[in-house]
Participant: 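One structure follows; several queries about it will come next.
Per chain, numbering begins at 1; letters A, B, ... match sequence-line order. Everything numeric here is computed off the predicted structure, so don't read it as measured data.
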There are 2 protein chains.
Amino acid sequence: MNIGQAARASGVSAKMIRYYEQIGLVRPAERTDSNYRSFDEKNVNELRFIKRARNLGFSVEEITNLLSLWRDRARPSREVKAIAEDHVAELEGRIAEMQAMADTLRHLSGCCAGDDRPDCPILMDLAAGDPRPAGTGRRTAKGRFGG
Amino acid sequence: MNIGQAARASGVSAKMIRYYEQIGLVRPAERTDSNYRSFDEKNVNELRFIKRARNLGFSVEEITNLLSLWRDRARPSREVKAIAEDHVAELEGRIAEMQAMADTLRHLSGCCAGDDRPDCPILMDLAAGDPRPAGTGRRTAKGRFGG
DNA sequence: CTTGACCTTCCTACGGTGGGAAGGTCCATC
DNA sequence: GATGGACCTTCCCACCGTAGGAAGGTCAAG
């Protein structure tokens with residue numbers, strides 16, 4: 001199986017398969033005589049696993065851990081659950097922050113006439129409002145969902 | 001006012017002030033004879049405006065527009081409101097996606113014993129679940145809230 | 001005059017994804 | 001056996017916003 005076929009079969013782009021190999025998320029694929037990567041069903045299953053985990057918002061780092069637990073037939077489910085719960089907590093934190101932003105903006109929008117006149121509570125708030133740090137615990141890394 | 005003082009007064013780091021100048025979000029600051037940037041109250045107010053807009057999740061691009069509306073005393077509030085509403089819609093979209101992820105994961109976590117045994121519905125789902133694309137309209141750019 | 005706090009520019013990294021160039025391979029068709 | 005096109009390879013660049021640090025200049029206080 002070529003990288004393109006593996007990509008279509010797994011839903012992970014060829015570009016990303018190479019990237020995942022490069023950063024060590026998956027083991028380097030076998031190579032043919034002509035240096036083409038070669039994939040089997042097992043590889044594709046792993047890629048699908050990764051794809052689904054990404055769709056649930058897990059970072060590559062978290063997936064590294066999930067993958068090694070997946071491969072370990074003797075893993076305690078406790079460890080998997082812990083990763084999942086941590087991730088849920090992080091998601092909830094980010095949701096709460098964005099919810100606060102959206103709430104504030106909806107309120108301001110509601111106060112804004114939205115007509116031809118220049119008076120605008122949204123701009124007034126931006127110009128004079130308190131800093132409003134959008135949640136206290138600043139996220140430090142891992143800009144997920146980025147372009 | 002030095003860049004450091006402006007940074008403390010506005011809540012925007014010196015690093016970011018230089019960056020905002022570089023990308024054209026703010027006009028290049030005046031310079032002293034020794035090539036130090038020099039800021040006045042007006043500059044600091046602008047930085048505070050930016051800071052608050054960022055805290056509400058606006059992208060630099062959106063802030064560019066907000067700033068020019070802010071400076072334009074004759075702007076129609078309609079335009080400001082439109083930007084705000086667009087942004088709220090985007091926030092809501094992202095919130096919904098993350099909510100779906102969190103819901104799925106909470107469900108799976110709830111099914112997982114989380115003990116020493118290896119049986120784990122979370123891993124089972126990742127290994128065999130359907131692709132579950134976490135919302136249909138893939139976001140394309142602007143990883144906000146990143147590292 | 002030294003020390004240390006500040007400033008300057010320039011380069012690097014992060015997360016994850018895509019775009020594209022330059023060159024090699026494989027297969028089918030002429 | 002040549003040719004063309006679909007594929008592969010590696011390598012570099014971009015995005016967004018933020019931070020870290022190096023190498024060197026400046027300023028004020030001791």
Participant: Given that B/Tyr36 and B/Ile23 both sit by DNA chain D, which one's nearest nucleotide is further toward the 5' end?
Facilitator: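 So the residue in question is B/Ile23.
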Participant: Keeping A/Arg54 on the side-chain end and A/Phe58 on the backbone end, is there a donor-acceptor pair under 3.5 Å?
Facilitator: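 A pair under 3.5 Å: yes.
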Participant: Looking at D/dT18, I'd like to know if its phosphate oxygens (OP1 or OP2) sit under 4.0 Å from a side-chain N or O belonging to B/Tyr20.
Facilitator: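 For B/Tyr20, the contact criterion (side-chain N or O under 4.0 Å from OP1 or OP2 of D/dT18) is met.
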Participant: Given D/dT18, is OP1 or OP2 found less than 4.0 Å from the side-chain N or O atoms of B/Arg54?
Facilitator: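 Indeed, a polar side-chain atom of B/Arg54 lies that close.
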Participant: To the nearest Å, how far apart are B/Asp33 CG and D/dG25 P?
Facilitator: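 Rounded to the whole Å, the gap is 18 Å.
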Participant: Let me know the distance between CD1 of B/Ile17 and C1' of C/dT8, rounded to the nearest Å.
Facilitator: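 Nearest whole value for this atom pair: 14 Å.
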Participant: What is the separation between atom CD on A/Glu21 and atom P on C/dG16, rounded to the nearest whole Å?
Facilitator: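 Rounded to whole Å, this separation is 17 Å.
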Participant: Starting at atom CG of B/Asn35, determine the distance to atom P of C/dC7, rounded to an integer number of angstrom.
Facilitator: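 That distance rounds to 13 Å.
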Participant: Measuring to OP1 and OP2 of C/dT9, would you say a side-chain N or O of B/Arg37 lies under 4.0 angstrom away?
Facilitator: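 Indeed, a polar side-chain atom of B/Arg37 lies that close.
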Participant: Does A/Ser13 make a side-chain N or O approach to OP1 or OP2 of C/dT17 shorter than 4.0 Å?
Facilitator: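 So the side-chain polar atoms of A/Ser13 never come under 4.0 Å of the phosphate oxygens OP1 or OP2 of C/dT17.
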Participant: Calculate the interatomic distance between A/Tyr19 atom OH and C/dG19 atom C1'; express it in whole Å.
Facilitator: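 A/Tyr19 atom OH is separated from C/dG19 atom C1' by 16 Å.
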Participant: Can you figure out which of D/dA19, C/dG16, C/dT8 approaches the side chain of A/Ser59 most closely?
Facilitator: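 When the side chain of A/Ser59 is considered, C/dG16 is the closest of D/dA19, C/dG16, C/dT8.
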Participant: So, A/Asn2 side chain and A/Gly4 main chain: donor-acceptor pair closer than 3.5 Å or not?
Facilitator: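 It does not hold such a pair.
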Participant: Hey, is the side chain of B/Lys15 pairing donor to acceptor with the base of D/dG21 inside 3.5 Å?
Facilitator: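 Looking at the base of D/dG21, it does pair with a donor or acceptor on the side chain of B/Lys15 (distance under 3.5 Å).
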Participant: Separation of A/Leu47 atom CG from C/dG16 atom P, in whole Å?
Facilitator: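 Atom CG in A/Leu47 sits about 16 Å away from atom P in C/dG16.
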Participant: Mind calculating the distance between CZ (B/Arg18) and C1' (C/dC10) to the nearest angstrom?
Facilitator: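 Checked: the CZ to C1' distance equals 11 Å.
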Participant: Would you say B/Asn55 and B/Arg52 are linked by a side-chain donor-acceptor pair, where the criterion is simply a distance under 3.5 Å?
Facilitator: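 Side-chain D/A pair, B/Arg52 to B/Asn55: absent.
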Participant: Take atom CZ of B/Arg31 and atom C1' of C/dT8, then tell me their distance rounded to the nearest Å.
Facilitator: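 The distance from CZ of B/Arg31 to C1' of C/dT8 comes to 8 Å, rounded to the nearest Å.
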Participant: Should B/Glu92 and B/Val88 be marked as a side-chain contact (heavy atoms from CB on, under 4.5 Å) after you check the CA-CA gap, both sets of side-chain angles, and the distance that decides it?
Facilitator: CA-CA 6 Å; B/Glu92 282 171 348; B/Val88 168; 3.6 Å; yes
Participant: Answer yes when B/Lys42 and B/Glu46 have at least one side-chain N-carboxylate O distance shorter than 4.0 Å, and no when they do not.
Facilitator: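 B/Glu46 and B/Lys42: not salt-bridged.
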Participant: Counting only side-chain N and O atoms of A/Ser34, is one of them less than 4.0 Å from OP1 or OP2 of D/dC8?
Facilitator: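 No, no such contact exists.
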